[in-house]
Amino acid sequence: VQLQASGGGSVQAGGSLRLSCAVYGRSFRGDGVGWFRQAPGKEREFVTGITWSGGSTYYADSVKGRFTISRDNAKNTVYLQMNSLKPSDTAVYYCAAGSNGISSYYYDYAYWGQGTLVTVSS
């Protein structure tokens, strides 16, 4: 199983980015896919999650109304559309898979991508 995150970059505050997480070899059990982020000197935090089956979603309060997670089952890809970006959104963003449903705890996920850096300048 391999997760490949892409789409990071540098934007000014108020801008938008779309991250992608392609999942290769998706024969594992576990319906949840999540996005986490880790800023310099801070702990990894949950951003949002989605289920492959029903498309249920859950968002951290800090991104609610600005970020949207979606999935394309045919492509085994999960997307994270980030709008109205703030400098506080600057972090390395990781996608993770293999949880039983959506979980905000990183240890519930069995597989992780390599991370993609998002930098938001003021």
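Annotation: disulfide (SG to SG under 2.5 Å) contacts involving residues 76-122, sequence neighbours excluded, comprise Cys21-Cys95. Evaluation of the ring pair (Phe, Tyr, Trp, His ring centres under 6.0 Å) test over residues 75-109, restricted to residues two or more places apart or in two chains, returns Phe36-Tyr109, Tyr105-Tyr107. Listed by first and then second residue, the salt bridge (charged side-chain N to carboxylate O under 4.0 Å, His left out) pairs involving residues 69-79 amount to none (not counting sequence neighbours). Contacts classified as salt bridge (charged side-chain N to carboxylate O under 4.0 Å, His left out) and involving residues 88-114 (residues at least two apart or in different chains) are given here: Arg37-Asp89, Arg66-Asp89.
The minimum heavy-atom distance linking Val92 with Leu117 is given by the pair CG2-CD1, 3.9 Å. Considering all non-hydrogen atoms of both residues, Thr51 and Gly101 come closest at CG2-CA, 4.3 Å. In this structure, Pro87 and Ser121 approach most closely via the heavy-atom pair CG-C, 4.4 Å.
Annotation: ring pair (Phe, Tyr, Trp, His ring centres under 6.0 Å) contacts of Tyr58 (sequence neighbours excluded): Phe46.
The side-chain heavy atoms of Asn100 and Asp31, taken from C-beta on, include no pair separated by under 4.5 Å. Residues Trp112 and Leu3 fail the side-chain proximity criterion, which asks for heavy atoms closer than 4.5 Å. The closest side-chain heavy-atom distance from Ile69 to Val78 is below 4.5 Å.
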Inset, instruction - Give the intermediate values and the outcome of side chain to side chain contact (heavy atoms under 4.5 Å, CB included) for residues Thr68 and Tyr59. - result: CA-CA 8 Å; Thr68 302; Tyr59 297 89; 3.8 Å; yes

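The hydrophobic cluster containing Val47 also contains Val118, counting ILVMFWY residues as joined when their side-chain heavy atoms lie under 4.5 angstrom apart, directly or transitively. Linking Ile, Leu, Val, Met, Phe, Trp and Tyr whenever their side-chain heavy atoms come within less than 4.5 Å leaves Ile102 and Trp35 in two separate clusters. Hydrophobic clustering of Ile, Leu, Val, Met, Phe, Trp and Tyr side chains at less than 4.5 Å, counting indirect connections, unites Ile50 with Trp52.
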Donor-acceptor pairs are to be reported for all side-chain atoms of residues 5-20 against protein atoms at under 3.5 Å, with residues two or more places apart or in another chain.
{"from": "Ser16", "atom 1": "OG", "to": "Asn83", "atom 2": "OD1", "distance (Å)": "2.9"}

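A 6.0 Å sphere centred on NZ of Lys64 holds more than 12 heavy atoms belonging to other residues, nucleotides or ligands.
In this structure, CG on Leu80 lies 6.0 Å from CZ on Phe67, to the nearest 0.5 angstrom.
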